[in-house]
Amino acid sequence: MLAFLLQVSYYLLAFVFSAVLLTVAILLYKTKPYPNIIRHKDEKFYLDPKSIKTVEFPSLDDSPTLELSVIVPAYNEEKRLPAMLDECMAFLEEKSSKQSDFTYEVIIVSDGSNDATVAVGLKYSKQYGAEKFRVLELVENRGKGGAVRLGILSARGRQLLFADADGATKFADYDKLAEALSSLAPEWRQDGIAIGSRAHLEDESIATRSFLRTILMHGFHTLVYIFAVRTIRDTQCGFKLFTRATARKLFNSLHVQRWAFDVELLYLAERLKIPMSEVAVRWTEIDGSKLSPFWSWLQMGIDLFMIWLRYMVGAWRIAANQKKEN
């Protein structure tokens with residue numbers, strides 16, 4: 001009997017080992033090591049609603065000409081976007097009127113929206129001018145990560161902030177992130193990230209969340225710590241500020257285009273030893289989220305494991321490291 005059990009165990013181990021080897025082989029064969037960033041011709045231009053002319057976006061590889069670029073990914077956000085933009089533009093206009101050296105732009109990235117998101121963006125572009133406000137219309141849905149990346153690649157700022165379209169984070173907390181980033185990287189050629197964080201609100205959120213949501217939250221945080229990011233408590237807050245040098249490294253290396261892209265960004269930052277600071281921000285839950293708690297968190301859990309596995313076996317590589325070697 002013992003001999004039989006040992007033989008069964010041997011076959012099971014052999015099967016598992018073979019399955020792991022096969023999975024690794026498939027990943028190495030099927031997966032491209034560096035991101036293939038696809039941008040359609042129409043996505044390289046924005047409309048100036050005053051002149052009714054299309055103008056080509058600049059490149060992230062260009063030298064910066066503004067202090068701040070704000071990237072707002074938006075998928076079917078015609079209802080939530082106006083409140084966020086009113087708050088954002090009021091803050092930025094007041095700041096620029098008080099500080100003559102503070103210049104900015106806002107780029108709305110419509111991620112294949114089929115509602116009036118683009119029309120809402122163009123209304124603000126007409127009001128404030130295309131020098132301050134631009135709309136990047138993607139011809140197909142990429143996912144939040146893909147939308148943020150194409151917005152970042154079109155930006156002119158020394159600092160680049162991506163902010164969620166729901167306006168859950170108070171936009172005035174940009175000042176706190178900017179102060180933290182300046183302490184890490186005094187100028188745009190240096191590396192640094194300031195990360196808006198809701199970790200200080202965790203106890204309060206547990207008190208108002210259902211038991212299932214609380215379990216899912218703790219499970220997700222555990223998976224993030226095991227497979228990806230060790231130094232940041234809140235990886236998912238949609239309020240992150242980068243220097244231009246850091247944005248070039250990270251967004252040219254980013255593979256994940258959907259909800260787990262934040263985790264890959266911070267995983268890459270840890271791998272590249274980029275200085276990071278987690279900054280407490282004011283945050284309010286806004287109705288209208290497109291995420292289903294269970295299925296979206298399950299998908300992100302799978303994505304976390306696949307991010308770890310692909311980098312672990314060398315199926316994915318970091319483009320910034322390739323440039324350094326060359």
Side-chain angles (χ1 to χ4, degrees), residues 46 49 66-111 113 115-137 144 147-148 151-152 154-182 193-201 204-205 234 236-242 262 278-291:
Y46 65 92
L66 300 171
E67 181 60 30
L68 175 67
S69 293
V70 180
I71 313 302
V72 184
Y75 174 67
N76 291 346
E77 290 286 4
E78 64 175 353
K79 293 181 179 178
R80 298 197 297 180
L81 199 53
M84 181 272 177
L85 291 178
D86 287 343
E87 181 190 354
C88 166
M89 296 305 294
F91 171 82
L92 293 172
E93 284 289 280
E94 182 180 1
K95 190 173 182 69
S96 63
S97 68
K98 291 179 179 177
Q99 300 177 22
S100 58
D101 59 342
F102 179 80
T103 51
Y104 74 89
E105 67 176 345
V106 174
I107 302 175
I108 300 296
V109 187
S110 173
D111 190 18
S113 300
D115 67 350
T117 294
V118 171
V120 170
L122 289 175
K123 175 187 170 186
Y124 283 84
S125 183
K126 187 173 184 178
Q127 179 180 350
Y128 291 98
E131 183 63 21
K132 290 183 176 179
F133 200 107
R134 297 174 178 182
V135 178
L136 168 53
E137 184 176 4
K144 185 179 176 183
V148 170
I152 293 281
S154 307
R156 295 174 287 163
R158 285 180 278 275
Q159 296 182 345
L160 298 97
L161 173 75
F162 80 74
D164 283 348
D166 60 5
T169 304
K170 286 291 181 186
F171 202 87
D173 283 347
Y174 158 74
D175 281 340
K176 295 165 69 176
L177 266 65
E179 183 180 354
L181 186 62
S182 295
I193 312 173
I195 300 155
S197 175
R198 304 158 298 180
H200 62 295
L201 301 172
E204 180 183 332
S205 67
D234 183 5
Q236 299 308 111
C237 182
F239 208 65
K240 295 180 175 70
L241 184 66
F242 307 81
D262 299 79
E278 194 166 7
V279 181
V281 294
R282 291 167 290 174
W283 185 87
T284 306
E285 190 161 357
I286 305 295
D287 291 337
S289 172
K290 297 172 182 63
L291 285 176

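No side-chain donor-acceptor contact under 3.5 Å links Asp262 to the backbone of Gln236. The main-chain N or O of Ala168 is found under 3.5 Å from a side-chain atom of Asp166 such that the two form a donor-acceptor pair. Under a 3.5 Å cut-off, the side chain of Glu278 and the backbone N or O of Asp234 do form a donor-acceptor pair. Although no hydrogens or angles enter the test, the distance criterion places a donor-acceptor pair under 3.5 Å between the side chain of Ser69 and the main chain of Gly157. Put simply, the side chain of Ser125 never gets that close to the backbone of Gly121: no donor and acceptor are under 3.5 Å apart.
Applying the salt bridge (charged side-chain N to carboxylate O under 4.0 Å, His left out) rule to pairs touching residues 100-110 yields Glu105-Arg156, sequence neighbours excluded.
A distance of 5.5 Å separates CG of Leu241 from CG of Leu161, quoted to the nearest 0.5 Å. Distance CD1/Ile108 to CZ/Phe133: 4.0 Å, rounded to 0.5 Å. Note that OG1 of Thr169 is 9.0 Å distant from CG of Leu177, once rounded to the nearest 0.5 Å. One finds the CG atom of Leu66 at 9.5 Å from the CZ atom of Phe102 (value rounded to the nearest 0.5 Å). To the nearest 0.5 Å, atoms CD (Glu137) and OG (Ser113) are separated by 8.0 Å. With rounding to the nearest 0.5 angstrom, the CG atom of Leu85 is 10.0 Å from the CG atom of Leu92.
Nearest heavy-atom pair across Glu87 and Gly167 is OE1-O, 4.5 Å. Across all non-hydrogen atoms, the minimal contact from Glu78 to Pro82 is O-CD, 3.2 Å. Closest heavy-atom contact between Gly151 and Leu136: N-CD2, 4.0 Å. For the residue pair Thr117 and Ala74, the shortest heavy atom distance occurs at CG2-CB, 3.8 Å. The shortest heavy-atom contact between Lys176 and Val279 is CB-CG1, 3.9 Å.
Residues Gln159 and Ser182 are in side-chain contact: their nearest non-hydrogen atoms beyond the backbone lie under 4.5 Å apart.
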request  = Applying side chain to side chain contact (heavy atoms under 4.5 Å, CB included), run through Asp164 and Met84 and close with a yes or a no.
outcome  = CA-CA 9 Å; Asp164 283 348; Met84 181 272 177; over 6 Å; no

key: Steps toward side-chain hydrogen bond (donor to acceptor under 3.5 Å, both in side chains) verdict (Glu93, Tyr104)   = CA-CA 9 Å; Glu93 284 289 280; Tyr104 74 89; 2.5 Å; yes

task = Could you walk me through whether Val72 and Val109 pass the side chain to side chain contact (heavy atoms under 4.5 Å, CB included) test, one step at a time?
result = CA-CA 6 Å; Val72 184; Val109 187; over 6 Å; no

task = Could you check Val281 against Ser197 for side chain to side chain contact (heavy atoms under 4.5 Å, CB included), going step by step and ending with a plain yes or no?
result = CA-CA 6 Å; Val281 294; Ser197 175; 5.7 Å; no

message = Determine whether Met89 and Tyr128 satisfy the following criterion, side chain to side chain contact (heavy atoms under 4.5 Å, CB included), listing intermediate values before the conclusion.
response = CA-CA 9 Å; Met89 296 305 294; Tyr128 291 98; 3.5 Å; yes

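Qualifying ring pair (Phe, Tyr, Trp, His ring centres under 6.0 Å) partners for Tyr46, counting only residues two or more places apart in sequence or in other chains: Phe57. Applying the ring pair (Phe, Tyr, Trp, His ring centres under 6.0 Å) criterion to Phe171, with sequence neighbours excluded, gives Phe91, Phe239.
For Lys170, the NZ atom counts as loosely surrounded, since its 6.0 Å shell holds 12 or fewer non-hydrogen atoms of other residues, nucleotides or ligands.
Between the side chains of Glu67 and Thr103, not a single donor N or O lies within less than 3.5 Å of an accepting N or O. Side-chain atoms of Glu179 and Tyr174 include no donor-acceptor pair closer than 3.5 Å. Under 3.5 Å, the side chains of Asp115 and Tyr75 contain no donor-acceptor pair of N or O atoms.
The pair Lys144-Asp111 does not count as a salt bridge, with every side-chain nitrogen at least 4.0 angstrom from each carboxylate oxygen. The pair Glu77-Arg80 counts as a salt bridge, with a side-chain nitrogen and a carboxylate oxygen less than 4.0 angstrom apart.
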